[in-house]
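A quick note: this is a predicted structure, and the numbers were derived from the prediction, not measured.
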Amino acid sequence: MINKLWKHVSMLGLVCMVVMMASCSRSEYKNAIPADAPVVMELDVKDVIKKSDFLAHKGEIADAIESIDDDPALQQIAEMLRGTDDFGLDFFSPMYVYVLPSLDDGCFLASVRNRSEFVEKMTSLSNLVKFKESDGISWLYVEDALLGAVTKRHLLIGSANDKDVYRDLLEQSGDECFFASEAGKFMDSNAGDLTLSVNMDAMPREIFRMIERKIDDIVDPESIEWVKKCQVICNLEFSVGEIALNAFVSNIPEDQFTMPSKKISEEVFNYLPTNDLIGLIAMAIDPQTSNVDLLKETLEKEFRGEERVMFDKIFDILEDVNGTGVVSVSGNDIENNPELLCLLPIAKENVASLVYDMNNMWGVDIQELGVNIDGDDNYTSITNAPDYNFAPSAKFEYSSSAKTAYVYAYLDIDPFVDMAFDEMMRHASYAERKTYEKIKEMLDEADYMELKVEEMAEASLALVLKSDNKNSLEVLLELLINAVNNL
């Protein structure tokens with residue numbers, strides 16, 4: 001069962017890459033995207049072809065497709081790949097998938113290089129595909145159902161079974177299209193190899209009313225009113241040795257969100273464990289932006305008497321927090337005995353005094369719980385690691401990357417891959433073991449993940465690969481070809 005599933009997933013992935021890349025203008029075809037489209041996705045086909053070195057791998061891809069199945073359509077795709085056919089499409093222009101304002105229908109849009117060639121190629125792939133000509137448009141049908149339209153400039157495929165919908169989109173002018181709007185310009189300025197735009201302002205109001213009803217008991221709907229006006233952009237960027245997912249948000253109100261006055265300090269990384277570091281998260285903190293007053297106001301009514309005294313003392317300490325805090329996980333047995341370390345930019349004597357009061361009030365001896373506290377006038381360490389020594393040591397390898405951010409996270413991939421693989425292999429059949437080994441070969445290419453928030457409305461999550469001499473997209477394509485060939 002697992003082996004069959006892996007076969008289908010590998011086949012689907014390879015065919016999808018072929019369809020996207022094998023379609024390698026004139027920018028006016030983009031006018032078919034309406035200005036108020038709430039969701040738009042862009043694929044930069046030209047960059048994808050170049051970064052994956054697709055042309056050099058065409059023969060290998062064709063061989064892999066032929067080995068999948070004897071299906072005539074797959075065999076024909078493989079034959080086309082070995083030639084110079086481009087299906088009549090313009091591969092040097094981006095392709096788009098977008099949702100119409102009603103949210104009822106979605107469309108795929110590509111630029112056409114040669115309409116008659118495209119019609120001929122599509123018709124030859126399947127006898128279910130038919131075209132009917134009228135008004136200068138080639139209407140595309142599959143099993144007598146209207147699927148879209150082809151003109152000299154556009155390939156427009158969608159779920160709307162209505163010629164008028166497609167005709168209105170095809171006749172839009174540049175002033176009416178998505179890229180003439182502020183949302184389109186924001187997407188254009190933050191585009192990657194694959195880019196997704198979600199424009200909340202263009203969403204039907206009924207969606208927000210439904211969300212507000214669901215969160216009414218948790219959050220005051222008015223406090224998140226600004227969400228209705230923001231736009232979120234996510235893009236994937238493939239570079240040498242790295243895959244990055246970047247996020248950008250527009251129209252965030254500055255009076256509700258502010259960043260700390262300083263970014264992460266490299267100094268705190270000197271106190272991390274020197275061996276077996278698995279992951280960490282670091283954050284710049286200062287009294288002005290940590291919302292301590294708001295948190296105190298929210299919680300203080302829950303405490304009375306001695307507990308209120310302790311509550312006030314905790315918040316007196318928190319109000320003085322100013323610097324970089326870190327939480328890390330290390331050790332060689334993360335499944336059963338992970339070693340946790342919390343480094344806070346607070347003087348040790350303040351924390352020690354608080355712990356003493358907690359012990360007197362509640363009879364909690366944290367040392368008996370295996371927790372040790374150490375530190376100096378600048379930092380306090382709280383950890384369950386028995387061998388941890390609070391003293392400057394070798395620097396964290398990626399601290400220079402972290403110092404440019406307000407929030408930074410690091411995760412070593414290998415321990416989690418090994419742990420998951422061992423667990424799967426423990427109960428796997430012979431056929432499943434072979435499949436798991438292929439999956440692990442692919443995952444072993446990953447080295448670590450890195451999250452950075454460098455600006456208030458920008459964040460990036462990067463997967464760093466062990467291969468640093470090729471573009472990450474070419475590495476993925478080669479892994480996919482190898483997976484299909486070994487089915």
If we ignore angles and hydrogens, is there a donor and acceptor under 3.5 Å between the side chains of [X] and [Y]?
X: Lys452; Y: Ser401; answer: yes
X: Ser467; Y: Glu445; answer: yes
X: Thr195; Y: Glu42; answer: no
X: Tyr406; Y: Glu455; answer: no
X: Ser330; Y: Asp276; answer: no
X: Asn114; Y: Ser116; answer: yes

- [ ] Could you tell me whether Lys50 atom NZ has more than 12 heavy atoms of other residues or ligands within 6.0 Å of it?
- [x]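 Check fails, neighbour count at 12 or below.
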
- [ ] Answer yes or no: are there more than 12 heavy-atom neighbours, outside Glu133 itself, under 6.0 Å from its atom CD?
- [x]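 Above 12, so yes.
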
Where the side chain of [X] meets the backbone of [Y], is there a donor-acceptor pair that is under 3.5 Å apart?
X: Thr151; Y: His154; result: yes
X: Tyr98; Y: Ala32; result: yes
X: Asn235; Y: Asn190; result: yes
X: Lys470; Y: Val475; result: no
X: Ser472; Y: Ser239; result: yes
X: Ser250; Y: Gln231; result: yes
X: Lys466; Y: Asp444; result: yes

- [ ] May I ask you to decide if the ring planes of Trp139 and Tyr166 are parallel, tilted or perpendicular, using 30° and 60° as cut-offs?
- [x]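 Answer is tilted, since the angle falls between 30° and 60°.
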
TODO: List for me each residue that meets ring pair (Phe, Tyr, Trp, His ring centres under 6.0 Å) alongside Tyr410, sequence neighbours excluded, and say none if there are none.
DONE: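 Once residues adjacent in sequence are excluded, the partners of Tyr410 under the ring pair (Phe, Tyr, Trp, His ring centres under 6.0 Å) criterion are Phe396, Tyr398, Tyr448.
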
- [ ] Return the set of residues passing ring pair (Phe, Tyr, Trp, His ring centres under 6.0 Å) with Phe179 (not counting sequence neighbours), or none when no residue passes.
- [x]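 With sequence neighbours excluded, Phe179 shows a ring pair (Phe, Tyr, Trp, His ring centres under 6.0 Å) to Tyr96, given in chain and number order.
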
Task: Pairs flagged by salt bridge (Lys or Arg N to Asp or Glu O under 4.0 Å) wherever residues 166-181 is involved - sequence neighbours left out - done: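 Every pair satisfying salt bridge (Lys or Arg N to Asp or Glu O under 4.0 Å) with a residue in residues 166-181: Asp135-Arg167, Asp164-Arg167.
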
- [ ] Scan Leu156, Leu170, Val150 and name whichever one has a side-chain contact (heavy atoms from CB on, under 4.5 Å) with Ile137.
- [x]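 Output: one option passes, namely Leu170.
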
Task: Closest approach of Leu477 to His57 (non-hydrogen atoms, all atoms of both residues) - done: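 Smallest heavy-atom distance, with atoms named: CD2-CB, 4.1 Å.
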
Task: Lys440 bridged to Asp418 by N-O distance under 4.0 Å - done: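 Salt bridge: yes.
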
Open item on the list: So, applying side-chain hydrogen bond (donor to acceptor under 3.5 Å, both in side chains) with Lys51, which one of Asp44, Asp193, Asn471 is it?
Closed with: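 Answer after filtering Asp44, Asp193, Asn471: Asp193.
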
